[in-house]
Amino acid sequence: MNYSNINSIIIGCLKDCEKDISTLKYVEGVDFIDIFPRSEEHKAMLDEEAKKIARVIEETERGNFYVFHKPIKTQFGMLKIIKVRKFDETRLPWLAAPDFRVTDYDIFFKTYKNDKRFNFVQKPTYSGLEFKTQNSLIYFLDEPTTEYYNL
């Protein structure tokens, strides 16, 4: 599959996550996807595409956040928001990194905080668990991105 456009990246990323997500309890659905461009040129192309199908809600040094004009239906629920991340060679093993909502973050955190497949991450605006495998880079945050942006 050609992963040059936003839709194909979303489909490919979520397909890559299916097996890993199926091993976890309390996962409710996809909340957000952070897209990893393959080059500076690819980033510029993805930003141009995003501006046609979504609106910018925040510009950051790490990339722009976009809310779709019409949410995208996926096998993990409706996707409302993405970020086209700045080009970063360390992210090339993955197409993108989705965040998933969980039924109860505290229970999810207690269940998986000592699981060797997870790493705790702490950032200025959120904390959560990072789940990294050969196929997937997935995040489970204490505050879902859609809630942070009141979507």
Side-chain angles (χ1 to χ4, degrees), residues 1-38 42-88 90-109 111-112 118-133 135-151:
M1 180 176 241
N2 179 354
Y3 298 114
S4 62
N5 66 46
I6 290 170
N7 195 52
S8 65
I9 292 169
I10 290 168
I11 291 167
C13 166
L14 294 177
K15 183 169 178 33
D16 289 347
C17 295
E18 280 178 333
K19 184 177 178 186
D20 290 330
I21 285 294
S22 72
T23 68
L24 304 175
K25 297 180 194 174
Y26 314 114
V27 177
E28 201 171 59
V30 68
D31 184 63
F32 162 77
I33 295 183
D34 194 1
I35 294 176
F36 304 144
R38 309 284 96 189
H42 190 218
K43 182 195 182 325
M45 187 201 76
L46 292 171
D47 277 323
E48 285 305 310
E49 179 186 354
K51 289 174 186 173
K52 294 175 184 171
I53 59 174
R55 65 181 169 86
V56 175
I57 57 168
E58 185 175 8
E59 295 180 11
T60 72
E61 289 182 10
R62 297 178 74 183
N64 295 338
F65 287 83
Y66 296 92
V67 173
F68 290 111
H69 299 310
K70 183 178 177 189
I72 295 176
K73 185 177 181 180
T74 76
Q75 71 268 42
F76 295 109
M78 299 304 281
L79 178 65
K80 297 178 183 178
I81 183 171
I82 61 168
K83 178 172 71 174
V84 176
R85 189 184 179 98
K86 72 177 184 176
F87 173 63
D88 177 352
T90 67
R91 300 296 185 188
L92 289 178
W94 305 280
L95 293 171
D99 292 5
F100 280 86
R101 290 180 165 277
V102 293
T103 53
D104 184 313
Y105 179 77
D106 293 331
I107 291 171
F108 185 87
F109 184 81
T111 303
Y112 293 109
F118 289 84
N119 293 309
F120 179 71
V121 292
Q122 179 75 52
K123 301 290 182 180
T125 58
Y126 66 85
S127 64
L129 291 174
E130 175 188 71
F131 181 77
K132 190 187 296 188
T133 70
N135 296 321
S136 302
L137 178 60
I138 304 169
Y139 291 89
F140 304 91
L141 305 181
D142 61 343
E143 181 179 27
T145 302
T146 52
E147 287 180 21
Y148 178 81
Y149 287 108
N150 294 312
L151 299 174

**Q** Could you tell me which non-hydrogen atom of E147 sits nearest to which non-hydrogen atom of R101, and how far apart they are?
**A**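 Between these two residues, the closest heavy atoms are OE2-NH1, 3.3 Å.
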
**Q** Do you know the tightest heavy-atom contact between Y105 and G128?
**A** OH-CA, 3.2 Å

**Q** Does I6 offer a backbone N or O that forms a donor-acceptor pair with the side chain of E49 under 3.5 Å?
**A** yes

**Q** What is the distance from atom OG1 of T111 to atom CZ of F118, rounded to the nearest 0.5 Å?
**A**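 With rounding to 0.5 Å, OG1 (T111) is 9.5 Å from CZ (F118).
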
**Q** For the OH atom of Y26 and the CZ atom of F109, what is their distance to the nearest 0.5 Å?
**A**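 Here the interatomic distance stands at 14.5 Å.
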
**Q** Would the Y139 and F32 ring centres measure less than 6.0 Å apart?
**A** no

**Q** Who pairs with K51 by salt bridge (Lys or Arg N to Asp or Glu O under 4.0 Å), at least two apart in sequence or on another chain?
**A** E48

**Q** Tell me, with the steps shown, if F108 and T103 meet side chain to side chain contact (heavy atoms under 4.5 Å, CB included).
**A** CA-CA 8 Å; F108 185 87; T103 53; over 6 Å; no

**Q** Can you measure from CD1 (I35) to CZ (R85) and round to the nearest 0.5 angstrom?
**A** 12.0 Å

**Q** If every non-hydrogen atom of P98 is compared with every non-hydrogen atom of L14, which pair is closest and at what distance?
**A** CB-CD2, 4.2 Å

**Q** Which pair of heavy atoms, one from C13 and one from L95, lies closest together, and at what distance?
**A** N-CD1, 3.6 Å

**Q** With side chain to side chain contact (heavy atoms under 4.5 Å, CB included) as the test, would you mind laying out the steps for Y112 and F140 before giving the verdict?
**A** CA-CA 11 Å; Y112 293 109; F140 304 91; over 6 Å; no

**Q** On a heavy-atom basis, which atom in W94 and which in F36 lie closest, and how many Å separate them?
**A**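 For W94 and F36, the tightest heavy-atom pair comes out as O-CD1, 3.5 Å.
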
**Q** Could you measure the distance from the CD1 atom of I138 to the CG atom of L24? Nearest 0.5 Å is fine.
**A**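 Nearest 0.5 Å value for the CD1-CG distance: 7.0 Å.
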
**Q** Run through D99, T125, L129 and flag the one making a side chain to side chain contact (heavy atoms under 4.5 Å, CB included) with L141.
**A** D99

**Q** For R91 and D34, run side chain to side chain contact (heavy atoms under 4.5 Å, CB included): C-alpha distance rounded to whole Å, both residues' side-chain angles, the deciding distance at 0.1 Å, then the answer.
**A** CA-CA 11 Å; R91 300 296 185 188; D34 194 1; over 6 Å; no

**Q** Report yes or no: does D142 contribute a side-chain atom to a donor-acceptor pair with the main-chain N or O of S127 at less than 3.5 Å?
**A** yes

**Q** Drop me the distance from I53's CD1 to I82's CD1, to the nearest 0.5 angstrom.
**A**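 These two atoms lie 6.0 Å from each other.
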
**Q** Check whether any side-chain heavy atom of I21 lies under 4.5 Å from a side-chain heavy atom of Q75, and answer yes or no.
**A** no

**Q** Do the side chain of R38 and the main chain of L92 share a donor and acceptor less than 3.5 angstrom apart?
**A** yes

**Q** Taking C-beta and beyond as the side chain, do Y149 and F65 meet within less than 4.5 Å on heavy atoms?
**A** yes

**Q** Any side-chain heavy atom of I9 sitting closer than 4.5 Å to one from L46?
**A** yes

**Q** Establish, from distance only, whether the side-chain atoms of N135 and T133 form a donor-acceptor pair under 3.5 Å.
**A** no

**Q** What distance separates N64 CG from E59 CD, expressed to the nearest 0.5 Å?
**A**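 Here the rounded value is 4.5 Å.
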
**Q** Evaluate T146 against D31 for side chain to side chain contact (heavy atoms under 4.5 Å, CB included), listing each step before the verdict.
**A** CA-CA 7 Å; T146 52; D31 184 63; 2.4 Å; yes

**Q** Look at atom NZ of K43 and say whether more than 12 heavy atoms of other residues, nucleotides or ligands are closer to it than 6.0 Å.
**A** yes

**Q** Are F100 and F76 an aromatic pair, judged by ring center distance below 6.0 Å?
**A** yes

**Q** Considering non-hydrogen atoms only, spot the tightest contact between F120 and Q122 and give its length.
**A**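 Taking every non-hydrogen atom into account, CZ-OE1, 3.4 Å.
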
